[in-house]
Amino acid sequence: MSTAYTDPILAWYESNARDLPWRSPSATPWGVLVSEIMLQQTPVNRVMPVWHEWMKRWPTPPDLAAEPSGEAVRAWGRLGYPRRALRLHATAKAITERHDGEVPSSHAELLDLPGIGSYTAAAVASFAYRQRHAVLDTNVRRVLSRLISGDEYPPKSQTKAEVATAEALLPLDPPTAALWSVAVMELGALVCTARTPRCVDCPVLDKCTWQLEGRPAYDGPPRRGQTYAGTDRQCRGRLMAVLRDAEGPVEKPALDIVWSDPIQRERALDTLIADGLVDPLDDGRYALPS
DNA sequence: TAAACGTGGTT
DNA sequence: TAACCAAGTTT
């Protein structure tokens, strides 16, 4: 294993880390878990106020588990991907029932919880419990891609080679490994960014393969998908906004007015019901789930 | 494995 | 301005 990157990046983190609330010594494992779910595909700035609100309202998993799932969806606000709120509520219930109300510390038990995949399990085990796991998020994948492979961007989907690389770089001492993981993520978030990296501020610039090879341009396939306007996703978002902003159940016309295409609207509503995000009541009205 | 899944800021 | 991007997971 290589240690050439470890000390410069740890030193850089010590003086450049953002003071994020879920990194505070007073943050609980539950607070870390909630932050990780909220941060999936969602920028820090948008998460911050919602996280504070959640922590004040639901300081422990049993607090959230005692509420209807619809309250979690409502309090999710406009963070996006509201199925995360539903799964976080289900996770709170599972923790309450299966783990005595305490967020489990083992990677396997975390992985068993709804909405928690390989990244989030590793992140919670590392950041909340100071364990030694390879934490591979989009930031770390990009940093290692540039530093080690010399490619501007990592492969479209995670490879075994990337996991092997990340594990090889992981310091042996668990608390140091946990610190390393958050430090590499932070480097990717603040310096080794996707679009215009601030290489002048990089602590390992002299060891960066991509840099040493003259920063060759990305030559792979386009990495993005379709536009958002007009999609079912946008339609679902509109419908959910109506339900979130209403005090209680809403009449069907209140949903109909936010999307003109009836075919697409009904399809979107059906998928929301199938996902458990919308509850069709017996009286014909619609509500957030109970 | 690829596509689906929200939202808003940045380039 | 349209495209890209943000601490991914699920099916």
Side-chain angles (χ1 to χ4, degrees), chain A residues 17-18 20-23 27 31-51 73 76-88 90-91 110-128 133-143 152-159 162 166 178 181-190 192-197 218 220-244 258-259 264 267-268 270-272 274-278:
Chain A
R18 288 168 294 179
L20 303 175
W22 42 86
R23 287 181 185 162
V32 172
L33 196 169
V34 170
S35 79
E36 288 302 334
I37 302 294
M38 289 183 172
L39 286 163
Q40 290 170 4
Q41 306 286 281
T42 308
V44 166
N45 292 337
R46 302 230 317 273
V47 165
M48 198 92 71
V50 183
W51 183 86
V73 173
W76 197 251
R78 305 188 66 80
L79 286 183
Y81 294 146
R83 291 191 294 195
R84 290 183 293 168
L86 216 47
R87 292 181 179 137
L88 190 45
T91 274
L110 287 164
L111 206 47
D112 270 341
L113 297 169
I116 297 192
S118 144
Y119 160 76
T120 304
V124 173
S126 297
F127 306 152
H133 296 278
V135 176
L136 265 184
D137 78 323
T138 187
N139 291 301
V140 176
R141 294 185 63 220
R142 186 177 55 249
V143 171
E152 185 176 13
Y153 297 113
K156 196 166 170 59
S157 57
Q158 185 178 302
T159 64
E162 287 183 272
S181 294
V182 74
V184 179
M185 282 180 65
E186 192 75 336
L187 185 66
L190 299 182
C192 196
T193 53
R195 218 81 80 84
T196 51
Y218 176 77
R223 298 176 299 133
R224 250 311 182 257
Q226 60 193 40
T227 53
Y228 179 62
T231 60
D232 284 11
R233 264 148 90 165
Q234 184 185 33
C235 181
R236 285 167 53 106
R238 292 265 186 88
L239 297 173
M240 288 307 297
V242 171
L243 291 165
R244 270 200 315 268
V258 299
W259 198 263
Q264 189 175 27
R267 181 174 67 225
D270 283 346
T271 67
L272 288 171
D275 286 347
L277 284 164
V278 173

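Heavy-atom basis, side chains included; hydrogens, waters and symmetry copies ignored. Convention: sequence-line order gives letters A, B, ...; per-chain numbering from 1.
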Can you tell me if R244(A) touches the phosphate of dT7(B), counting only side-chain N or O atoms and a distance under 4.0 Å to OP1 or OP2?
yes

Classify the nucleic acid contact of L239(A) as base, sugar-phosphate or nothing, counting any heavy atom under 4.0 Å across all strands shown.
nothing

Among the candidates dA7(C), dG8(C), dC5(B), find the nucleotide nearest to the side-chain atoms of D232(A).
dC5(B)

Protein-nucleotide distance (M48(A), atom CE; dA6(C), atom P), rounded to Å
17 Å

Between the side chains of Y119(A) and Q40(A), does any donor sit under 3.5 Å from an acceptor?
no

If you measure from the C1' atom in dG9(B) to the same atom in dT9(C), how many Å do you get, rounded?
24 Å

Taking for T120(A) and for T193(A) the nucleotide of DNA chain C with the nearest heavy atom, the one nearer the 5' end belongs to T193(A)

Has the side chain of R195(A) got a donor or acceptor atom sitting under 3.5 Å from an opposite partner on the base of dC4(C)?
yes

Rounded to whole Å, the CG-C1' distance (L113(A) to dG8(C)) equals 16 Å

For the side chain of R244(A) and the backbone of V73(A), is there at least one donor-acceptor N/O pair under 3.5 Å apart?
no

Just call it for G80(A): base, sugar-phosphate, or nothing, with non-hydrogen atoms closer than 4.0 Å on any strand.
base

Taking donor-acceptor contacts at under 3.5 Å, does the side chain of R46(A) reach the base of dT7(B)?
yes

Expected output: side-chain Q234(A) to main-chain G230(A) donor-acceptor under 3.5 Å
yes

Just how far is it from atom CE of M48(A) to atom CG of L39(A), taken to the nearest 0.5 Å?
9.0 Å

Taking any heavy-atom pair under 4.0 Å as a contact, classify R267(A): base, sugar-phosphate, or nothing.
nothing

How many whole angstroms separate atom CG of L39(A) from atom P of dT9(C)?
12 Å

Roughly, in whole Å, what's the span from CZ in R87(A) to P in dG8(C)?
15 Å

Residue-phosphate contact under 4.0 Å: Y228(A) side-chain N/O, dG6(B) OP1/OP2
no

Considering every strand and a 4.0 Å limit on heavy-atom distances, what is the contact class for S118(A): base, sugar-phosphate, or nothing?
sugar-phosphate

Report yes if some heavy atom in the side chain of T120(A) is under 4.5 Å from a heavy atom in the side chain of I37(A); otherwise report no.
yes

Students often get this wrong, so: under 4.0 angstrom with heavy atoms, is T138(A) touching a base, only sugar-phosphate, or nothing?
sugar-phosphate

Contact class for W22(A) (heavy atom, under 4.0 Å): base, sugar-phosphate, or nothing?
base

When rounded to whole Å, the CZ to P distance for the pair R18(A) and dA6(C) reads 12 Å

Q40(A) vs dA7(C): side-chain N/O to OP1/OP2 distance below 4.0 Å
no

Spatial distance of atom CH2 (W76(A)) from atom OG1 (T42(A)) [nearest 0.5 Å]:
7.0 Å

Whole Å only: how far is the CG atom of L79(A) from the P atom of dC5(B)?
19 Å

Could you check whether I116(A) gets within reach of a base, just the sugar-phosphate, or nothing at all, counting any heavy atom under 4.0 Å?
sugar-phosphate

Rounded distance in Å - CZ (R238(A)) to P (dT7(B))
10 Å

What's R141(A) touching, base or sugar-phosphate or nothing? Going by heavy atoms closer than 4.0 Å.
nothing

dA4(B) OP1/OP2 closer than 4.0 Å to side-chain N/O of Y81(A)
no

In whole angstrom, give me the gap between the P atoms of dA4(B) and dA7(C).
23 Å

Using the P atom as the point on both nucleotides, what is the distance between dA3(B) and dC4(C), in whole Å?
15 Å

May I ask you to decide if E186(A)'s main-chain N or O and R18(A)'s side chain share a donor-acceptor pair within less than 3.5 Å?
no

Determine whether a donor-acceptor pair (one donor, one acceptor, N or O, separation below 3.5 Å) exists between the side chain of T42(A) and the base of dG8(B).
no

For R78(A) and for S157(A), locate the closest nucleotide of DNA chain B by heavy-atom distance; then report the residue assigned to the nucleotide nearer the 5' terminus.
S157(A)

Here the distance between atom P of dG6(B) and atom CD1 of I37(A), to the nearest Å, is 15 Å

